[in-house]
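Only one structure is covered here, and it is reproduced in the block below.
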Amino acid sequence: MDKKVTVVGAGNVGATAAQRLAEKELCDVVLVDIIEGVPQGKALDLTEAAPIEKHDAHLTGTNSYDATEGSDIVIITAGIPRKPGMSRDDLISTNAGIVKNVVKEVSKRSPNSILIIVSNPLDVMCHVAFEASGFPKNRVLGMAGVLDSARFRAFISMELNVSVENTHAFVLGGHGDTMVPLPRYSTVAGIPITELMSQDRIEALVKRTANGGAEIVSLLKTGSAYYAPASAAVEMAESIIKDKKKILPCATYLEGEYGIRDLFIGVPVKLGSTGIEEIIEIKLTNDEQAALNKSAAAVKELVENLKNLNY
Ligand code: APR
C-alpha cells in the first residue's frame with residue numbers, strides 16, 4: 001500500500017484497529033507491543049485472513065520500533081485499560097510513562113507523522129504526546145469525540161428505531177464524565193432530536209452516552225471497550241489518508257478557541273492529509289458553554305496533576 005500506519009499496543013483496541021485498517025485496504029500496518037510474540041502472532045493471523053477478506057495490505061508485528069520508520073500516521077493505544085470501579089483518570093501515572101516513551105520512539109523515526117492518541121485518560125495523554133513529540137498542534141490529536149458521538153448515535157437509533165446512517169451527533173469536551181453531548185446539533189435525517197424526543201428521554205440518552213465506557217467496563221469486567229474505540233480511530237485515520245476533510249470531534253490543542261487556552265479538549269475539527277486543518281467554532285448557548293468550561297476545568301486539573309508526577 002501507498003500509506004503506512006503504525007499501531008502501538010497490540011491489545012484489544014490496537015489489534016482491532018489494525019484489522020479494520022487492513023480490511024479497508026487503507027494502508028500497510030505495523031503493529032508494535034512490548035510483549036514478545038503478541039504483535040507478531042496477531043499480524044500473522046491477520047495476514048492469513050487476508051486471502052478470505054480480499055485485501056493486499058501488509059501487516060508486520062514487532063517488539064522494536066525500526067519497522068515503524070516513515071509512518072504516515074501513528075495510532076497509540078499502548079497502556080493499561082480500566083477495570084470495574086476505575087475511572088479513566090486512575091490510569092494517569094502508568095499510562096503517562098508508557099505514552100511518553102512510545103512517542104519518543106515513534107516521533108524520531110517518523111518525524112512527519114500524525115499522532116492519533118487513544119490511551120486514557122485521553123485528553124491528558126494528548127498533552128504528554130504533544131510535549132514528548134515536539135510536533136505542531138495539527139499533527140497531535142486524540143480519539144474521543146468520534147467514539148462518544150457514535151455511542152450517542154447508536155442510542156438515538158435504538159430509541160427511535162431508525163437507521164444509524166440517518167443519525168448525526170455532536171459530543172464536545174473531555175473524554176470523561178463531564179463530556180458535553182449537544183442535542184441541538186444531534187439529528188435524525190437532518191431533524192434535531194429535540195423535535196423527536198421528550199426532554200426526559202434526551203437526558204437519559206445523554207447520561208448513557210457520558211457513562212458509555214463505564215457501561216461496557218462493567219459488562220466485560222476484565223477490560224474496557226475496543227470495537228467502537230478502534231472504529232473511531234480508524235475513521236479519523238481514513239479521513240487523513242484519503243484527505244477527506246471530514247468534520248469530526250477530536251481532542252485538539254486549543255489556543256483561545258471556545259474561550260479555552262493551552263488545553264487539549266474535544267471540539268469539531270476538519271481532518272485532512274495534514275492532520276487538523278481547521279478548528280470549527282460552533283455557536284454555543286450559555287448553558288452549553290458553561291458545560292464545556294466545566295469539562296475543560298476537569299481536564300486542566302488533571303494536566304496540572306500530571307506536572308507533579310514523575311513519569
Ligand atoms: N509499549 C508498547 N506497548 C505497550 C506498552 C509499551 N510501553 N505498555 C503496554 N503496552 C501494550 C500492552 O502489552 C497491551 O498489549 O498495550 C496493550 C494494551 O492493550 P489492552 O491491555 O488490551 O488494552 P486496550 O483495551 O487495547 O486499551 C488500550 O486504550 O481505550 C484505551 O483506556 C484504554 O488506555 C487504554 C488503551
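For ligands, and for the atoms within them, numbers begin at 1 and follow the listed sequence. From a predicted model like this one, the values you see are computed outputs, not experimental measurements.
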TODO: Return yes if a side-chain donor-acceptor contact under 3.5 Å exists between Ser231 and Arg20, otherwise no.
DONE: yes
Open item on the list: If the threshold is 4.0 Å, N to carboxylate O, is there a salt bridge linking Glu215 and Arg151?
Closed with: no
- [ ] Give a yes/no verdict on whether any heavy atom in Ile35 is under 4.0 Å from an atom of ligand 1.
- [x] yes
Open item on the list: Nearest 0.5 angstrom please: Ser149 OG to Leu248 CG, how far?
Closed with: 8.5 Å
- [ ] Say whether Ile80 and ligand 1 are in contact under the criterion: heavy-atom distance to a ligand atom below 4.0 Å.
- [x] yes
Open item on the list: With a heavy-atom distance limit of 4.0 Å, tell me whether Pro229 approaches ligand 1 through its side chain, its backbone, both, or neither.
Closed with: neither
Open item on the list: Measuring from atom NE2 of His175 to atom CG of Leu147, what distance do you get when rounded to the nearest 0.5 angstrom?
Closed with: 5.0 Å
Task: Nearest-contact summary for atom 36 (C) of ligand 1 - protein heavy atom, Å - done: Thr77 O, 3.4 Å
- [ ] Specify side chain, backbone, both or neither for Asn95, according to which of its non-hydrogen atoms lie closer than 4.0 Å to ligand 1.
- [x] side chain
- [ ] Can you see which heavy atom on Lys300 is nearest to which on Leu263, and at what distance?
- [x] CA-CD1, 3.8 Å
Open item on the list: Give me the nearest non-hydrogen protein atom to atom 1 (N) of ligand 1 as residue plus atom name, then the distance to 0.1 Å.
Closed with: Ile34 CG2, 3.6 Å
TODO: Would you mind checking which non-hydrogen protein atom is closest to atom 19 (O) of ligand 1, with the distance to 0.1 Å?
DONE: Gly11 CA, 3.2 Å
Task: Nearest protein heavy atom with distance in Å, relative to atom 17 (C) of ligand 1 - done: Asp33 OD2, 3.6 Å
Open item on the list: Regarding ligand 1, does Val13 bring an N or O atom to under 3.5 Å of one of the ligand's N or O atoms?
Closed with: yes
Task: Modelled atom types, side-chain donor and acceptor of Ser133 and Ser107, under 3.5 Å - done: no
TODO: If you have a sec, work out which protein heavy atom is nearest atom 18 (C) of ligand 1 and how many Å separate them, to one decimal?
DONE: Gly79 O, 3.2 Å
Task: Option of least heavy-atom distance to atom 34 (O) of ligand 1 (set: Ile98, Asn120, Val118, Leu91) - done: Asn120
Open item on the list: Given Ala10, Ser119, Pro81, identify the one with the heavy atom nearest to atom 21 (O) of ligand 1.
Closed with: Pro81
Open item on the list: Considering non-hydrogen atoms of the protein only, which is the closest contact for atom 22 (O) of ligand 1, and what is the distance?
Closed with: Asn12 N, 2.8 Å
- [ ] Check the side chains of Gln289 and Asn293 for a donor-acceptor pair under 3.5 angstrom, ignoring hydrogens and angles.
- [x] yes
- [ ] Please determine, by modelled atom types, if Glu277 and Thr274 share a side-chain donor-acceptor pair under 3.5 angstrom.
- [x] yes
- [ ] Answer with yes or no whether the hydrophobic clustering places Met125 together with Leu309; edges join I, L, V, M, F, W, Y residues whose side-chain heavy atoms lie under 4.5 Å apart.
- [x] yes
